[in-house]
Trainee: 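Attaching a single structure in structure tokens format; questions to follow.
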Amino acid sequence: MDIDLQNIKKWVILYPIYINSKKTIAEGRRINAGKACENPACTEVYDCCAHLKIPCVVESEKAYPRDFMQRGRVRVMLKKEDGSFYNPAIFSRKQLMLHVAELVPRHPGRTKKQEPATAVSSKSGKGGKKKR
């Protein structure tokens with residue numbers, strides 16, 4: 001791709017915490033928790049942006065300003081020089097976050113880690129309303 005790295009400061013910044021379903025809006029989540037994914041990594045976000053054929057760069061030494069322990073961010077170039085979009089389905093930062101949050105759970109490195117655990121219900125046999 002023809003990426004102009006001189007104007008990288010003008011690119012959109014995407015922190016993984018923006019699409020983390022485990023965080024609250026006050027902690028930095030920017031999309032609906034139902035559409036967000038659980039604990040995305042910076043490399044997973046980068047791979048998803050590359051899959052969407054959008055120029056992107058990982059800045060692993062940078063930290064999220066509200067929580068400096070969250071390392072890494074991705075810079076993304078949504079528009080070309082002529083003003084057209086690299087991916088016509090993604091025309092804003094919010095659309096990008098929604099698409100990436102949808103792709104991260106299907107990331108190849110993620111599907112191997114998570115295995116469905118058998119959950120045992122701890123409810124007692126009694127249920128319903130109490131009698132008076």
Trainee: Using 0.5 Å steps for rounding, measure from the NE2 atom of His99 to the CD1 atom of Ile54.
Mentor: 8.5 Å

Trainee: Does Val100 reach the side chain of Ile19, with side-chain heavy atoms less than 4.5 Å apart?
Mentor: yes

Trainee: Do Cys49 and Leu96 have side chains that approach each other closer than 4.5 Å (heavy atoms only, starting at C-beta)?
Mentor: yes

Trainee: Do the non-hydrogen side-chain atoms of Asn87 and Leu78 ever get within less than 4.5 Å of each other?
Mentor: no

Trainee: Has the side chain of Asn20 got a donor or acceptor atom that lies under 3.5 Å from a matching backbone atom of Glu38?
Mentor: no

Trainee: Same cluster for Tyr86 and Phe91 if Ile/Leu/Val/Met/Phe/Trp/Tyr side chains link at under 4.5 Å?
Mentor: no

Trainee: For the residue pair Asp47 and His107, what are the closest heavy atoms and their distance?
Mentor: OD2-NE2, 2.8 Å

Trainee: For Met77 and Val12, what are the C-alpha separation, side-chain angles and deciding distance, and is it a side-chain contact (heavy atoms from CB on, under 4.5 Å)?
Mentor: CA-CA 6 Å; Met77 185 175 182; Val12 173; over 6 Å; no

Trainee: Rounded to the nearest 0.5 Å, what separation is found between the CG atom of Leu103 and the CG atom of Leu98?
Mentor: 11.0 Å

Trainee: Nearest 0.5 Å, please: how far is NE2 in His51 from NZ in Lys53?
Mentor: 7.0 Å

Trainee: Quick one: do Arg71 and Glu61 make a salt bridge, cutoff under 4.0 Å?
Mentor: no

Trainee: Does Gln70 reach the main-chain N or O of Asp67 with its side chain, forming a donor-acceptor pair under 3.5 Å?
Mentor: no

Trainee: With a 4.5 Å cut-off on side-chain heavy atoms, are Val76 and Trp11 touching?
Mentor: no

Trainee: Taking all non-hydrogen atoms of both residues into account, name the closest pair between Arg110 and Val104 and its distance.
Mentor: CD-O, 3.3 Å

Trainee: For the residue pair Pro65 and Tyr15, establish whether any side-chain heavy-atom pair is separated by less than 4.5 Å.
Mentor: yes

Trainee: Taking the side chain as every heavy atom from C-beta outward, state whether Glu59 and Arg75 have any atom pair closer than 4.5 Å.
Mentor: yes

Trainee: Please find the pair of heavy atoms, one from Asn39 and one from Glu44, that lie closest to each other, and give the distance.
Mentor: O-OE1, 4.3 Å

Trainee: Are Val57 and Ile8 close enough that some pair of their side-chain heavy atoms sits under 4.5 Å apart?
Mentor: yes

Trainee: So which heavy atom on Ala41 is nearest to which on Pro16, and how close?
Mentor: C-CG, 4.2 Å

Trainee: I'd like to check Leu14 versus Arg73 (side-chain heavy atoms, cut-off strictly below 4.5 Å). Are they in contact?
Mentor: no

Trainee: Do Lys80 and Phe85 meet the cation-pi criteria used here (NZ or CZ under 6.0 Å from the six-membered ring centre, within 45° of the axis)?
Mentor: no

Trainee: Could you give the distance from NZ (Lys94) to CG (Asn32), rounded to the nearest 0.5 Å?
Mentor: 8.0 Å

Trainee: Kindly check if the number of other-residue, nucleotide or ligand heavy atoms within 6.0 Å of OH (Tyr46) is above 12?
Mentor: no

Trainee: Could you give the distance from CD1 (Ile13) to CZ (Arg93), rounded to the nearest 0.5 Å?
Mentor: 7.5 Å

Trainee: Can Lys35 and Glu102 be said to form a salt bridge (charged side-chain N to carboxylate O under 4.0 Å, His left out), step by step?
Mentor: CA-CA 7 Å; Lys35 294 180 181 178; Glu102 183 181 319; over 6 Å; no

Trainee: Minimum heavy-atom separation for Ala33 and Ser21, please, with both atom names.
Mentor: O-CB, 3.8 Å

Trainee: In Å and rounded to the nearest 0.5 Å, what is the CD1 to CZ distance from Ile17 to Arg30?
Mentor: 10.5 Å

Trainee: Report the C-alpha separation of Val58 and Ser60 in whole Å, then their side-chain angles, then the decisive distance to 0.1 Å, and conclude whether the side-chain contact (heavy atoms from CB on, under 4.5 Å) test is met.
Mentor: CA-CA 6 Å; Val58 174; Ser60 58; 4.3 Å; yes

Trainee: Might you point out which heavy atoms bring Gly72 and Cys42 nearest each other, and give the distance in Å?
Mentor: C-SG, 3.7 Å

Trainee: Mind checking what makes salt bridge (Lys or Arg N to Asp or Glu O under 4.0 Å) contact with Arg29, not counting sequence neighbours?
Mentor: none

Trainee: Taking 4.0 angstrom as the limit, do Arg66 and Glu27 come out as a salt bridge?
Mentor: no

